[in-house]
There are 2 protein chains.
Amino acid sequence: MNRTTSRYSCQKELQNADLRVTEARLGVLAVLKQTEKPLAAQDVLTYLKRHSIRADKATVFRIINSFAEKGIVVPVQFNEGRLRFETTSKGDHHHFVCDNCGYIEDISDCSITPLADDIQKKKGVIIRRHSLEFFGICTGCQK
Amino acid sequence: MNRTTSRYSCQKELQNADLRVTEARLGVLAVLKQTEKPLAAQDVLTYLKRHSIRADKATVFRIINSFAEKGIVVPVQFNEGRLRFETTSKGDHHHFVCDNCGYIEDISDCSITPLADDIQKKKGVIIRRHSLEFFGICTGCQK
DNA sequence: TTAGTTTATGCGACTAAGTCGCATTTGTCA
DNA sequence: TGACAAATGCGACTTAGTCGCATAAACTAA
């Protein structure tokens with residue numbers, strides 16, 4: 001576990017977000033921070049169980065929702081019938097999802113910001129967030 | 001009901017897609033074609049009931065899935081915990097969704113195709129579809 | 001037009017994601 | 001340390017979506 005997922009740094013992050021520090025919240029934050037791909041609530045729950053952190057399903061959902069409200073995580077969806085979440089600390093990026101094997105790859109070299117600015121000007125709306133996902137076949141599944 | 005949602009044109013479209021023509025399918029296709037914004041299965045079901053077209057929930061899901069397989073509709077997701085669908089006849093476009101009132105606006109003057117091409121080349125993946133949604137506050141909710 | 005085959009549908013049961021209320025426990029701060 | 005507010009566990013619940021199976025309807029060819 002590196003600096004950004006240490007217990008201490010997670011603790012500070014929760015406090016900065018005005019959230020009480022609990023075992024469950026530390027665990028949820030840690031797994032979301034140390035995992036590459038966006039996680040569904042069920043994945044988080046499994047991780048917590050494996051690390052002997054007691055937390056109910058409802059609690060995990062409540063924690064994730066509170067993180068989302070505070071802007072610590074954002075929802076991501078891959079047409080799976082459930083939401084995934086990832087930390088905002090990863091910065092603005094997008095995803096490629098393989099339709100065949102579910103492989104997820106981050107796409108970071110693709111800026112949408114100018115497009116968003118353009119839309120804001122033309123339509124008069126305020127854009128706070130966007131989601132861009134590409135679906136197709138990964139290199140492995142092409143063989 | 002105009003030319004593109006007439007019973008006859010829907011009938012032809014189903015036949016072209018190699019799908020049997022049934023009342024339920026005609027109804028689902030018609031409502032998806034004549035509605036501006038993407039619809040959830042429940043919305044379709046409500047429309048069918050209102051038009052006295054008898055169709056079970058499972059049937060509607062099966063119909064929508066078969067349409068998606070044939071490329072007649074594509075899934076759209078707004079972080080709602082359910083999928084919406086819209087006809088592909090609307091062409092490549094994206095959406096702005098108001099976080100406050102749920103208002104949906106089509107964004108058509110925003111081309112992602114060059115970006116997708118770029119990613120395909122760089123990463124070696126094949127991109128078949130993408131989804132781009134903007135979330136924020138619509139003009140009405142800013143007042 | 002009809003008989004026969006294939007496919008779609010209705011029904012009901014089921015799963016999985018996510019929510020909610022309420023009693024209890026835990027974190028925080030004075 | 002004690003009081004209060006907030007978080008949690010539990011269980012019931014809702015909603016999206018799926019599945020199997022018997023029946024009904026659509027297509028095909030004669």
Side-chain angles (χ1 to χ4, degrees), chain A residues 7-8 10-30 38-49 51-70 72-85 102, chain B residues 7-8 10-30 38-49 51-70 72-85 102:
Chain A
R7 191 188 172 84
Y8 177 65
C10 285
Q11 208 165 334
K12 276 214 305 187
E13 186 161 354
L14 289 176
Q15 285 165 344
N16 291 341
D18 216 28
L19 290 169
R20 286 192 180 181
V21 178
T22 66
E23 282 307 304
R25 284 183 178 166
L26 286 170
V28 174
L29 187 53
L39 296 179
Q42 187 53 56
D43 304 325
V44 173
L45 210 41
T46 304
Y47 169 94
L48 296 180
K49 277 221 178 69
H51 288 72
S52 308
I53 299 170
R54 184 163 174 270
D56 186 70
K57 184 180 61 146
T59 301
V60 169
F61 278 105
R62 279 188 280 228
I63 288 174
I64 292 174
N65 285 339
S66 66
F67 284 5
E69 267 172 43
K70 296 292 184 178
I72 296 174
V73 302
V74 284
V76 179
Q77 45 190 6
F78 297 150
N79 290 346
E80 300 169 296
R82 62 181 178 170
L83 289 175
R84 288 172 178 264
F85 294 86
Chain B
R7 191 188 174 88
Y8 177 67
C10 286
Q11 207 164 335
K12 276 215 304 188
E13 185 161 356
L14 290 175
Q15 285 164 346
N16 290 342
D18 216 29
L19 290 169
R20 285 192 180 180
V21 178
T22 67
E23 281 307 305
R25 283 182 179 167
L26 286 170
V28 174
L29 188 53
L39 295 180
Q42 186 54 57
D43 303 325
V44 173
L45 208 42
T46 303
Y47 169 94
L48 295 180
K49 278 221 177 72
H51 288 72
S52 308
I53 299 171
R54 186 164 172 270
D56 186 71
K57 183 179 63 144
T59 301
V60 169
F61 277 105
R62 280 187 281 229
I63 289 174
I64 291 175
N65 286 338
S66 66
F67 285 5
E69 268 172 41
K70 298 292 184 179
I72 297 174
V73 301
V74 284
V76 179
Q77 44 193 2
F78 296 152
N79 291 346
E80 299 170 296
R82 61 180 179 173
L83 288 176
R84 287 172 178 264
F85 294 86

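Each chain gets a letter, A, B and so on, in the order the sequences are listed, and its residues count up from 1.
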> Could you give the distance from CG (Leu14(A)) to NZ (Lys70(A)), rounded to the nearest 0.5 Å?
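Here the interatomic distance stands at 11.0 Å.
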> Got a second to check how far Leu26(B)'s CG is from Gln11(B)'s CD, nearest 0.5 Å?
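Atom-to-atom, Leu26(B):CG and Gln11(B):CD are 6.0 Å apart.
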> Please report, rounded to the nearest Å, how far the C1' atom of dG18(C) is from the CG atom of Leu39(A).
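It works out to 17 Å between those atoms.
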> Return the value, rounded to whole Å, for the distance between atom CZ of Phe61(A) and atom C1' of dG11(D).
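Nearest whole value for this atom pair: 16 Å.
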> Any side-chain N or O of Arg54(B) under 4.0 Å from OP1/OP2 of dA25(D)?
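For dA25(D), OP1/OP2 do not have a side-chain N/O of Arg54(B) under 4.0 Å.
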> What residue pairs, at least two apart or across chains, pass salt bridge (Lys or Arg N to Asp or Glu O under 4.0 Å) with a residue in residues 18-28 of chain A?
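Listed by first then second residue: Arg7(A)-Glu23(A).
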> Would you give the length of the straight line joining atom NZ of Lys49(B) to atom CG of Leu45(B), rounded to the nearest 0.5 angstrom?
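Going from the NZ atom of Lys49(B) to the CG atom of Leu45(B) covers 4.5 Å.
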> Which whole-number value in Å describes the distance from Ile63(A) CD1 to dA6(D) C1'?
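Rounded to whole Å, this separation is 12 Å.
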> Has the side chain of Lys57(B) got a donor or acceptor that lies under 3.5 Å from a partner of the other kind on the base of dG17(D)?
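Side chain to base: pair present.
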> Heavy atoms, side chains only, cut-off 4.5 Å: are Phe85(B) and Pro38(B) in contact?
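When only atoms from C-beta onward are counted, Pro38(B) and Phe85(B) do not touch, as no gap falls below 4.5 Å.
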> Is there a side-chain contact between Ile63(B) and Val44(B), using heavy atoms and a 4.5 Å cut-off?
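Not touching, per the 4.5 Å side-chain cut-off.
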> Please compare Asp56(B) and Gln15(B) by the position of their nearest nucleotide in DNA chain D and report the one closer to 5'.
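Taking each residue's closest nucleotide, the earlier one in sequence belongs to Asp56(B).
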> Given atom CD of Gln77(A) and atom P of dA16(D), what is their separation to the nearest angstrom?
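Rounding to the nearest Å, CD of Gln77(A) and P of dA16(D) are 15 Å apart.
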> Check the pair Leu83(B) / Ile64(B) against side-chain contact (heavy atoms from CB on, under 4.5 Å), numbers first and verdict last.
CA-CA 11 Å; Leu83(B) 288 176; Ile64(B) 291 175; over 6 Å; no
> Taking OP1 and OP2 of dT7(C), is either one under 4.0 Å from a side-chain nitrogen or oxygen of Thr22(B)?
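Indeed not, no polar side-chain atom of Thr22(B) lies that close.
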> Which is true for Arg62(A) with a 4.0 Å heavy-atom rule: it touches a base, it touches only sugar-phosphate, or it touches nothing?
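Here Arg62(A) touches the bases of the nucleic acid.
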> Please determine whether a side-chain nitrogen or oxygen atom of Arg20(B) lies at a distance below 4.0 Å from atom OP1 or OP2 of dA25(D).
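Indeed not, no polar side-chain atom of Arg20(B) lies that close.
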> Starting at the 5' end of DNA chain C, which residue's closest nucleotide do you reach first, Leu83(A) or Val21(A)?
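Closer to the 5' end of DNA chain C: Leu83(A).
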> For Phe78(A) and dA17(C), what is the distance between atoms CZ and C1' respectively, to the nearest whole Å?
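Between C1' of dA17(C) and CZ of Phe78(A): 17 Å.
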> Rounded to whole Å, please give me the gap between CD in Gln11(A) and C1' in dT26(C).
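Those two atoms, CD and C1', are 15 Å apart.
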> From CD of Gln42(B) over to C1' of dT14(D), roughly how many Å is that when rounded to an integer?
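It is 12 Å, rounded to the nearest whole Å.
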> Within the pair Thr59(B) and dA8(C), is there a side-chain N or O less than 4.0 Å away from OP1 or OP2?
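Answer is no, no contact under 4.0 Å.
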> Please report the end-to-end axis angle for the helix from dT1(C)-dA30(D) to dA30(C)-dT1(D), five pairs per end, rounded to 10 degrees.
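End-to-end axis angle for the helix from dT1(C)-dA30(D) to dA30(C)-dT1(D): 40°, rounded to 10°.
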> With DNA chain D as reference, determine whether Val60(A) or Ala40(B) sits nearer its 5' end, using the nearest nucleotide of each.
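This one resolves to Val60(A).
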> Using whole Å, report how far CG of Asn79(B) lies from P of dG18(C).
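It is 11 Å, rounded to the nearest whole Å.
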> Over all strands shown, is Asn65(A) touching base, sugar-phosphate only, or nothing at heavy-atom distances under 4.0 angstrom?
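Answer is sugar-phosphate: Asn65(A) comes under 4.0 Å of backbone atoms only.
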> Quick one: do Asp56(A) and Phe61(A) satisfy side-chain contact (heavy atoms from CB on, under 4.5 Å)? Show the steps, please.
CA-CA 9 Å; Asp56(A) 186 70; Phe61(A) 278 105; over 6 Å; no
